[in-house]
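Some notes on the structure that comes next.
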Amino acid sequence: MENQLYITNTLSRKKELFEPINPPFAGMYVCGPTVYGDPHLGHARPAITFDLVFRYLLHLGYKVRYVRNITDVGHLVADLDEGDDKIAVKARVEQLEPMEIAQFYADRYFIFMDSLNVKRPSIEPRASGHIIEQINMVSQIVEAGYAYIENGSVYFDIEKYSKSYQYGKLSGRILDDLMTNTRVLEGQDEKHHPADFALWKKAQPEHIMRWPSPWSDGFPGWHLECSAMSTKYLGNYFDIHGGGMDLLFPHHESEIAQCQAAIGHESVKYWMHNNMVTIQGQKMGKSLGNFITLEEFFTGSHRLLDQPYSPMTIRFFILQAHYGSTIDFSNDALAAAEKGMKKLLAAYNTLSGMLSQQDGPARPPSPVDKRIPELRQACYAAMNDDFNSPILIANLFEGVRIINSAADKKEVLSLPDLQQMKGIFDTFLFDILGLKDEKGSDQGATVDGLMQLILAIRQKSRETKDWGTSDQIRDTLQKLHIIVKDGKEGSTWGNE
RNA sequence: GGUUUCGUGGCCGAGUGGCUAGGCAGCGGUCUGCAAAACCGUCCACAGCGGUUCGACUCCGCUCGAAACCUCCA
């Protein structure tokens, strides 16, 4: 029980035991970004959430294929030209090729995800590269009788589908409500029913992104790419499909219907949804003028920000909440996250220092502190309980207390104890939570050597009680954002 | 209006029918040349009203409040 992974399945809204369909393989598909704007905090949340899932499944030994798409085509813009394409609209404004825009923002996305230490998925397919697969899927749905063709466009027939299957099972919606509550938009008169959605749209003459198909020159409907690409790379039945909660309806609901209609059965075993990031209690969005890009977070250049926040601070901030909860952004919360994370990393460095000084006075070699295996077990229990990263982090802080107590000589840990503790941090803090120490990486060895020299000189001045020199060194370093800490076994340094 | 998710201490954020979440901030101590850090101790909770129960922050109902989705949006 305690060594088994449970996942909250949106379909059942319950925690279910994770049993992969074809162990030791595991397939996961996550809805990726639409690349028409700079990545913001809202992009970071699902990327980090499913990075955590990816990392943990890998750690458990699964051979994971993680597919995350790039949407570079296919989203309709309802409030502009009907049938237009979001990327094409922006392109026309800026007088650039649509693919140029998509490429630019896809690259930006990759850069910022890398800085957040989000592992690259196994495959990152683009919708524009899978038009044939999408056309094939539309054909399958038409042949199965769950779609109709109007004037070169193809629509999914919700009423027909609902006779055999339940449209709305994922989001809890009822078709009757959809009938009465779906707003009737202009230009939707081709639809037989307001809830029907486009599988293929005929392109207007001025529409730039278009492809030939059996029905018309046009482009695929919004929900199709994920169904086509997930099943192409993961098979007709795969383990996990993830995404933001805002995609539950209609996107994922429609994916279920498309796969059911085209393949004859559903394609996803576990649905996972991360909750939203809010700013001052509201979802961020362009229209609200409150969205903050990742670049603005890293540079501190947005008016709502008191200071820059590093990528790892953002990552830690997100992981400090469970993926199923909303997290509300504030400067106070981010500053607190930053301090907490630094404390965690500092303790790890303390631990490494203790291990590197093992040649010195003998530590008791054998007695193993039972708190340490218990801690490891508690860490696994947290992750197995629906990827509960906040509990995992709380457990690691328990480890921090043990480490610091030992460093303070309040208690003694044996060498195996220290090594085990280090193993826990290596595994959970770095491999699974995916944090990393941001202090200078390339020149790390050089800087460290210089600092050891400076600290040695300062130590001499302290021994002769030359407090002026000692404080001068410390104060000057502080201006360079380097903090010197005087401990019982000499001084150590770290970045502010 | 419908669907879904929530309302926890100064801030963020877990969790549970009776047993300490954790972080940040505050307060008191220990340590220290001073400082920082660290360690120990400590204050501040479970929106409101009913109900079930030996006992509810945790279950049920209602009220109030918030968010997301229902139209592209992570």
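Here is how names work: the chains are called A, B, and so on, in the same order as the sequence lines, proteins then strands, and each is numbered from 1. Computed over heavy atoms, backbone and side chain alike; hydrogens, waters and symmetry mates excluded.
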Exercise for the section: Could you tell me whether A/K465 contacts a base, only the sugar-phosphate backbone, or nothing, with contacts defined as non-hydrogen atoms closer than 4.0 Å? Expected result: nothing
Exercise for the section: Indicate, with a heavy-atom threshold strictly under 4.0 Å, whether A/M276 touches base, sugar-phosphate, or nothing. Expected result: base
Handout entry: Under 4.0 angstrom between A/K343 side-chain N/O and B/C24 OP1 or OP2
Key = yes
Handout entry: Close side-chain approach of A/M312 and A/F316, heavy atoms under 4.5 Å
Key = no
Exercise for the section: Indicate, yes or no, whether a donor-acceptor pair under 3.5 Å links the base of B/C40 to the side chain of A/R401. Expected result: no
Problem - Distance between P atoms of B/U58 and B/C46 (Å, rounded) - result: 11 Å
Problem - hbond_proxy A/S325 side chain to B/G13 base (donor-acceptor, 3.5 Å cutoff) - result: no
Practice task
Determine whether any donor atom in the side chain of A/R474 lies under 3.5 Å from an acceptor atom in the base of B/A36, or the reverse, and answer yes or no.
Solution key: no
Problem - SB check A/E374 A/R371 (cutoff 4.0 Å) - result: no
Exercise for the section: When you get a sec, tell me which of B/G33, B/G15, B/G22 is the closest nucleotide to the side chain of A/F397? Expected result: B/G22
Problem - Donor-acceptor pair present, A/D471 side chain and B/G33 base, under 3.5 Å - result: yes
Problem - Closest contact, heavy atoms only, A/P39 versus A/F112 - result: CG-CD1, 3.6 Å
Completion exercise
Checking B/G22, B/C11, B/A68 against the side chain of A/S330 (C-beta onward), the nearest is B/C11
Exercise for the section: For this output row, return yes or no: ring centroids of A/F317 and A/Y309 closer than 6.0 angstrom. Expected result: no
Practice task
Determine the contact category for A/G42: base if any of its heavy atoms lies under 4.0 Å from a base atom, sugar-phosphate if only primed atoms, P, OP1 or OP2 are that close, otherwise nothing.
Solution key: base
Exercise for the section: Answer yes or no: does a side-chain N or O of A/N388 lie under 4.0 Å from OP1 or OP2 of B/G15? Expected result: yes
Exercise for the section: Answer with base, sugar-phosphate or nothing: what part of the nucleic acid does A/L41 contact at a heavy-atom distance below 4.0 Å? Expected result: nothing
Completion exercise
From the candidates B/C70, B/C39, B/A74, the one with an atom nearest any side-chain atom of A/L247 is B/A74
Exercise for the section: Determine the contact category for A/A333: base if any of its heavy atoms lies under 4.0 Å from a base atom, sugar-phosphate if only primed atoms, P, OP1 or OP2 are that close, otherwise nothing. Expected result: sugar-phosphate
Exercise for the section: Using a 4.0 Å heavy-atom cut-off across all strands, classify A/I327 as base, sugar-phosphate, or nothing. Expected result: sugar-phosphate
Problem - P-based separation of B/A47 from B/G13 [nearest Å] - result: 15 Å
Practice task
State, to 0.1 Å, how close A/L319 and A/I393 come at their nearest heavy-atom pair, and which atoms those are.
Solution key: O-CD1, 3.7 Å
